[in-house]
Amino acid sequence: MKHSVCIVGGCGHIGLPLGIALSVAGARVTLLDNSESRVRSVAEGRMPFLERGADESLAEVLADGRLSVTMDPDAVGRSETVIVTIGTPVDEFLSPQIRTFDRAMGAILDRMHDGQLLILRSTVFPGVTSRLDQRTRDRGLRVDVAHCPERIAQGFALEETGSLPQIIGGATPTATRRASALFGMLGSKMIEIPPVEAELCKLFCNSYRYINFAIANQFYVIAGKFGADFDRVRKAMTTDYPRMSGFPGAGFAGGPCLLKDTMQLAAFNHNDFVLGQAAMMINEGLPTFLVESAKARYDLSTATVAILGMAFKGNNDDPRDSLAYKLRKVLTFESRKVLCTDPYIDDPSFVSLETALDEADVVFLGACHDDYRGLSIRKPVVDVFNFLKRPSEQDVEAETRTAA
Ligand SMILES: NC(=O)c1ccc[n+]([C@@H]2O[C@H](COP(=O)([O-])OP(=O)(O)OC[C@H]3O[C@@H](n4cnc5c(N)ncnc54)[C@H](O)[C@@H]3O)[C@@H](O)[C@H]2O)c1
């Protein structure tokens, strides 16, 4: 018989691609979600967000019945494995919203029975998995609990799910064995560690990336203050110099995970995470720095400005915690009028790219969508990513081939 899995939060950015991947690999998957619109969209075979290659696979697994979608919370009790992929945001004080998560877990545990495997896939505060394991035992519930954090890059989940190693943090050896067997279906390599180390592994990964982006952004600001071209410096630093090969470019480090997880780690360490907190100040301060620098060159107070791209990253439709919105907020104060455009985000207040470019006196790049490559913009442009001037991957490949 096929392995049965219920994914709670199954219509989200993590739950849905994982559900598709597991059902393609042969599991019988039920996606449980409390968002009516997302459930309807998935049931009709429409991805509620952009995910490369997902549309075809979703149609296929829905058609042959391997994947189903529901809002009925009792679905939790009808599968061998329950995987939790609900959001784990921080609150307005940048502390993890533990109570919301606990309430959701309580509703899940109410419907679980002995013998099931419970996997936390959401990014959680260190200690949550062991606490949850204890909570199940306090209820007299004999389930195996494991934390197996998700590490895909949003938008590339289906490509990465099978190829990235899976971190398996079982609360018991049986939980580890069962979780490894489940992810074994995807052909992944397993890395088995204690649950608190699995929790830290995910938070360290995201904080490390967030701090790295902050280093580049701080250097960008320093270079800018001295009239130096950061991208020329960066090119000089990294060209044929392997020790600097991982040095990122400057740009917005927004989105639903990096800042949030850096702050989860800070909260875990009793708000003592100097590097993480400094990174937040630098990354979150970048939109203001860009506007202040632009003000030194152009009279923004009488200008119409346009922001091209509002998603938190290029070629994506997710506006969550996008710094383009923070840029819009700063520009709303500093300029006469702000026009926003994004080909992936449906927002009646946005204008077309043509209108934005026509009407703007100054153009800011907010997200590096491929649609903007090769645009010839005859207006002043503020492009912290250096994207509009950067050759595309195809151009670089072509150049390399020509040189060879
Ligand atoms: N987005 C990413 O790239 C990414 C990468 C790695 C890890 N994560 C982590 O994965 C988790 C989920 O993130 P996401 O981006 O998929 O969030 P999301 O908001 O896209 O998905 C969460 C889903 O859970 C549903 N949901 C919330 N509470 C529920 C409940 N009580 N019962 C049923 N459904 C419920 C929501 O309707 C939503 O569809 C977070 O902990 C996040 O940090 C995200």
Side-chain angles (χ1 to χ4, degrees), residues 6-21 30-43 46-52 54 69-77 82-90 96-112 118-126 128-129 132 147-161 164 166-167 198-199 201-210 253-265 267 311-313 315-322:
C6 174
I7 302 185
V8 185
C11 295
H13 290 84
I14 294 309
L16 182 49
L18 179 63
I20 295 173
T30 306
L31 306 173
L32 166 63
D33 206 289
N34 63 7
S35 157
E36 206 177 327
S37 58
R38 281 190 176 182
V39 167
R40 194 176 331 111
S41 165
V42 173
R46 279 181 293 109
M47 286 295 292
F49 43 80
L50 279 180
E51 185 58 54
R52 272 172 36 161
V69 56
T70 183
M71 292 187 75
D72 175 9
D74 288 339
V76 160
V82 176
I83 304 180
V84 177
T85 62
I86 62 176
T88 47
V90 289
Q97 290 187 13
I98 290 178
R99 241 179 277 152
T100 318
F101 183 76
D102 273 356
R103 257 202 308 274
M105 289 312 305
I108 293 169
L109 292 183
D110 285 344
R111 291 167 172 86
M112 288 190 75
L118 173 59
I119 295 178
L120 286 182
R121 187 71 162 167
S122 302
T123 306
V124 294
F125 193 75
V128 163
T129 310
L132 185 64
H147 177 48
C148 306
E150 181 60 82
R151 295 191 299 162
I152 54 90
Q154 198 171 307
F156 299 87
L158 286 181
E159 288 159 40
E160 294 190 345
T161 297
L164 294 181
Q166 298 291 336
I167 308 289
E199 291 160 342
C201 173
K202 175 66 195 178
L203 293 184
F204 284 175
C205 281
N206 275 1
S207 303
Y208 179 81
R209 293 189 64 223
Y210 191 66
C257 289
L258 295 189
L259 168 62
K260 183 258 291 182
D261 291 342
T262 307
M263 291 304 108
Q264 290 214 65
L265 186 54
F312 86 84
K313 66 176 179 179
N315 305 323
N316 200 280
D317 60 353
D318 193 349
R320 289 180 297 172
D321 297 315
S322 165

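When a ligand or atom number is given, it counts from 1 through the structure's own listing order. All values below were derived from every heavy atom in this structure, side-chain atoms included, with hydrogens, water molecules and symmetry-related copies excluded.
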* **Closest contact, heavy atoms only, Phe312 versus Gly254** =>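 Distance-wise, the nearest heavy atoms are CD1-O, 3.7 Å.
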* What do you reckon, is CZ of Arg151 surrounded by more than 12 foreign heavy atoms closer than 6.0 Å? ->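 Above 12, so yes.
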* For atom CZ of Phe49, decide whether the heavy atoms of other residues, nucleotides or ligands shown that lie under 6.0 angstrom number more than 12. =>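 Check passes, neighbour count above 12.
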Is [X] in contact with ligand 1, taking contact as a heavy-atom separation below 4.0 Å?
X      : value
Lys260 : yes
Lys202 : yes
Gly15  : no
Arg103 : no

* Asked: Should the proximity of Arg320 to ligand 1, defined as any heavy atom under 4.0 Å, be assigned to the side chain, the backbone, both, or neither?
  ->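 The answer is the side chain of Arg320.
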* Asked: So which bit of Cys257 gets within less than 4.0 Å of ligand 1, heavy atoms only: side chain, backbone, both or neither?
  ->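 It is the side chain that touches ligand 1; the backbone stays farther off.
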* Are Asp33 and Arg38 close enough for a salt bridge, meaning some N to O gap below 4.0 Å? ->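 Between Arg38 and Asp33 there is no salt bridge, as every charged N stays at least 4.0 Å from the carboxylate O atoms.
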* To do: Can you pull out the closest protein heavy atom to atom 24 (O) of ligand 1? Residue, atom name and distance to 0.1 Å, please.
  =>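 Its nearest protein heavy-atom neighbour is Gly9 CA, 3.2 Å.
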* Asked: For atom 16 (O) of ligand 1, what's the nearest protein heavy atom and its distance?
  ->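 Atom 16 (O) of ligand 1 sits closest to the protein heavy atom Ile14 N, 2.9 Å.
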Can you list the ligand 1 atoms lying under 4.0 Å from a non-hydrogen atom of [X]?
X     : answer
Cys11 : 39 (O)
Thr88 : 40 (C), 41 (O), 43 (O)
Ser35 : 37 (O)
Gly12 : 16 (O), 20 (O), 21 (O), 23 (C), 39 (O)

Taking distance alone, with N or O pairs closer than 3.5 Å, would you say [X] contacts ligand 1?
X      : result
Ala104 : no
Asn34  : yes
Asp261 : no
Glu150 : no
Thr85  : no

* Asked: Considering only heavy atoms, which of Gln154, His13, Lys313, Gln264 lies nearest to atom 1 (N) of ligand 1?
  ->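 Among Gln154, His13, Lys313, Gln264, the closest heavy atom to atom 1 (N) of ligand 1 belongs to Gln154.
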* Could you pull out, from Asp33, Leu31, Leu18, Val8, the option with a heavy atom nearest to atom 25 (C) of ligand 1? =>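 Nearest heavy atom to atom 25 (C) of ligand 1 lies in Asp33.
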* 4.5 Å side-chain heavy-atom contact, Leu118 and Val84 ->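 Leu118 vs Val84: side chains touch.
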* Distance-only, no hydrogens or angles: does the His147 side chain make a donor-acceptor pair with backbone N or O of Leu120 under 3.5 Å? ->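 Judged by distance alone, yes, a pair lies under 3.5 Å.
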* **Donor on one side chain, acceptor on other, Thr88 and Lys260, under 3.5 Å** =>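 Present: a donor and an acceptor within the cut-off.
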* Distance from Arg40 atom CZ to Cys11 atom SG, nearest 0.5 Å? ->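 The CZ atom of Arg40 sits 11.5 Å away from the SG atom of Cys11.
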